[in-house]
Amino acid sequence: MRNPSSVTSREPAARRSFALQRRQIQTILFQLRAFVALIILVVIFSILSPDFLTLNDLTIVAEHVSINALLAIGQSFVILTAGIDLSVGSIVGLTAMVAGYLISQGLPLPMFGVVVYFNVWVVILISLLVGIILGLVNGLVITRLSVAPFIATLGMLYAARGLALLTSNGATFPDLGGDPSLGNTGFPFLGTGNILGVPMPIWLMILFGLVASFVASRTPFGRQVYAIGGNERAAQLSGIRVNRVKLLVYVISGFCAAMTGLVIASQLQAAQPATGESYELNAIAAVVLGGTSLFGGRGTILGSIIGAFVIGVLSDGLVLIGVSEFWQMVIKGAVIVLAVIIDQLQQRWQKRAALA
Amino acid sequence: MKAPDQEKAPDIVLRAEGITKIYGGTVALDNVDFNVYRGKVNVLIGENGAGKSTLMKIIAGAETATRGHLLLEGQPVQFKSPREAARAGIGIIYQELNLFPNLSVAENIFLDHEALHRYGMLVDRRRQQTEARRLLQRLEQPIDPQALVGHLRLGQQQIVEIAKALARDVRILIMDEPTSALTTAEVEILFRVIRELKAQGVSIIYISHKLEELLRIGDYVTVLRDSHRIAEAPVSTIDVNWIVEQMIGRSVSETYVHQERTPGQELLRVEHLSLPRPGGGLLLDDVSFQVRAGEIVALYGLLGAGRTELLECLMGLHPEASGSLWIAGQRLRGRHVGERIAEGLVLVPEDRQREGLVPTLSVAQNMVLASLRRYLSGPALSRQKELAAVRRLMGDLGIKAPSPQTLIEALSGGNQQKVVVARGLLTEPRLLLLDEPTRGIDIGAKADLFRLMNRLASEGLGILFVSSELREVMSVADRILVLARGRLTGEFRREEASEEALVAAASAGQGPATGDEEAAHGPVPSGAADPVDRQAQATAPAASALEERRHQPRPRA
Ligand SMILES: Nc1ncnc2c1ncn2[C@@H]1O[C@H](COP(=O)(O)OP(=O)(O)OP(=O)(O)O)[C@@H](O)[C@H]1O
Ligand SMILES: [Mg+2]
């Protein structure tokens, strides 16, 4: 009595498939709009500045982008659950300082009267752990104490920045090249080295992007993240441990921020307490540009990475063609708002025309 | 096409002509004509997904037709928004409730046409509240106008939605499944209100899957099937069989035949379950019972009797509950829903919009959400495994969807409900908890669901289901438990159950105060001092099916 195909059976097959095709193309174009925007930007900049499309420049752009992309990847998980993480910029700063401290000062152990210098791998692990712990604190405050994500991570934004300043009393740790006699050399490779001619930050971006995409789209955890963003109560009643998933999401974001902090410190071969200031805004902008809804439940990791590219290309391109720093900010702001407007139009249009 | 000004029949207030609506690749309505007779109850009926709600949305200006037009009093009209339709005197109670949980009852009722102070731009709250109270009194529901809608149970929200429609002066009122969350008592009240409206000349469009209801209240019936209008007839000339035949295209024995089974071992044991009400008093008061394997047990009661809370306790959603729960002789220890699912329980919640569906996910993704671990291959979800399970359930439950990848929101209400049921079944439970599982699904699908319940029970599953429909309860259950104000007030074997006995048990405990009436959330509810209201309660025991105790006027001793 209920034949699933009977719903559409009365429309001529040809017209149906045509409607379907056109709809699919429209949908795909919309989903790729960040990508389309990216191509348009690249074309514009390469016309305005002949240098732009040289391989060298593109690698530089990609390196800049990778930093924002790493943050955006972590932020995507948070935003997919309808949360937000404002603390990533500060976590970037703190982890950079932790790495800088451990390499240049070592860990003093007063009770033994010694200073321990760790091998670079251990330094990296400890710094990542710091990011994980801060993410955990964010997550715990949000889930156990029911503090709104905006507030909890805003608090962490201040606290982590303060801690970053405290590690050095506001000073910079220079020369993170390490000392062969202490066995802690090699840190700069993370940010400046390359494998097969491709800079490490780009490899990291690719690695993080692939893993994150896989997790988001293919694993139960990813599905749970989307479900929580779509309807938290329904997710809970389906047996999803909402608090645990949310906790993990902030841990992931903290971890990505820590990785970013390491890459930046390694690129500069110095750690400054102001590292990563206002990077959270770039990350959020990238995620939103990539089509992820701030209300949660919709969006992709790939979209966020493309969003990061749009922002990166825009900033670097504007510098290259000599637009003043102040105008750069105005333009960036306009682009972000425009992207969200397009997103809203798409949703309205989708609701009207093609939910099916 | 006829000339628009050439009125066809004098008693038709609104006529839809040749309405076609295409959503992407789905034809929701195909060249449908529909007449609304003045001052009559115009019933629209059809299977899930037949296009009823779509047609109503077009009439109410929430959707625009792909083709076709509307004639209001013989004049062509085109509504670009619900606002325009409202201005033309068309009101609608949507199937999926349209309330703001963060606003109060009164604010919801007057949303968009707030009562203003005489000169100012300020909202006259007091007037809104008195008005809201008056409307709720008319519906015999002592709901506090200041209560937040988000704190109300589904049935109460439906009442608020009805009050909202009554707050406007309408000449055509569309009711899309207004009674799906109401119990018999509230339905009676609604019918009384409908008769009053009719007497005032208001034309009603009424959609429901409860056939007896339609025959009682309807004047004209229009049947939709697969996006087509199949038939129209005055109610006086037809019967249930006719409707079913028109709806489904062949005659179906709607009556469900109970299958005798010998229940097995005890599966669920509940002992001394109590749940405190926030603010004092008890939502559940020392409830004990068992469910055996292969047994279907119905939980009957009035709105607010604590049935939903009971199921929630079983799922571990109320850690503050006391008492002990056992499944197959093992103490239930799961501390959250996931662990309870692992122990073999699963709940299909009542409110599919708020608690069931994830609107951003597809049909398939919604369906597998509670059983994700079953589709793993390695660390990843296997699309084939997911789809195989989804396809099987879509077939079993007759879910009508263009494809498993369709967004859940594009499905008709009844089909959405089936998806939520399917999600529960995919966890392969030992004990299935269903909270109003037939809400909004058509008779064919109901029969399918009952057959499925029967099959599952014969396979040894225990089923505990909440229902407000007496007939359903009496024909499907092996045993019926009646809950009234948080207490178990009756237990009937199938053979010994009668409508009177069930209703009496359900309204038991409405007598003298037991001491926890003070557990009020808000001020003394409306109507407490209204003698008319009290009388209504005193004369009709079923009508005192009033909400939770906190809203209950203290009865006379
Ligand atoms: N927004 C939408 N996008 C795409 N398809 C839709 C949309 N809304 C409804 N449909 C489709 O239109 C058809 C008719 O749906 P409608 O909601 O009108 O059914 P209904 O008769 O009200 O069913 P029910 O009894 O289940 O409420 C269904 O096949 C449904 O999938
Ligand atoms: Mg409907």
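So that the names make sense, note that chain A is the first sequence line, chain B the second, and so on, each numbered from 1.
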Heavy-atom check, side chain of R241(A) versus side chain of V337(B), under 4.5 Å: no

Which bit of P349(B) comes within less than 4.5 Å of chain A, counting heavy atoms only: side chain, backbone, both or neither? side chain

Given a strict heavy-atom distance threshold of 4.5 Å, which part of Q405(B) is in contact with chain A: side chain, backbone, both, or neither? neither

R374(B) CZ: over 12 foreign heavy atoms closer than 6.0 Å: yes

Residue pair R354(B), E232(A): steps toward the salt bridge (Lys or Arg N to Asp or Glu O under 4.0 Å) verdict: CA-CA 9 Å; R354(B) 264 201 303 187; E232(A) 194 173 318; over 6 Å; no

Answer with side chain, backbone, both or neither: which region of F221(A) has an atom nearer than 4.5 Å to a non-hydrogen atom of chain B? neither

Sort L361(B) into side chain, backbone, both or neither according to what part of it lies under 4.5 angstrom from a heavy atom of chain A. side chain

Top of R423(B), R383(B), Q365(B) for chain A proximity - count of heavy-atom pairs under 4.5 angstrom: Q365(B)

Heavy-atom contact with chain A under 4.5 Å, split by part of I341(B): side chain

Donor-acceptor under 3.5 Å (R218(A) side chain, A380(B) main chain): no

Sequence neighbours left out, what passes side chain to side chain donor-acceptor pair (under 3.5 Å) with N68(A)? Give chain and number order. none

So do L237(A) and M315(B) actually touch side chain to side chain, heavy atoms under 4.5 Å? no

Value rounded to 0.5 Å, distance of CG in L357(B) from OG in S238(A): 9.5 Å

Sort out for me which of L317(B), V368(B), L347(B), L411(B) touches chain A most, counting heavy-atom pairs under 4.5 Å. L317(B)

Measure Q353(B) against the heavy atoms of chain A and call it side chain, backbone, both or neither at under 4.5 Å. backbone

For P359(B), is there any backbone N or O sitting under 3.5 Å from a side-chain donor or acceptor partner on N231(A)? no

Is it the case that over 12 heavy atoms from other parts of the model lie below 6.0 angstrom from the CZ atom of F150(A)? no

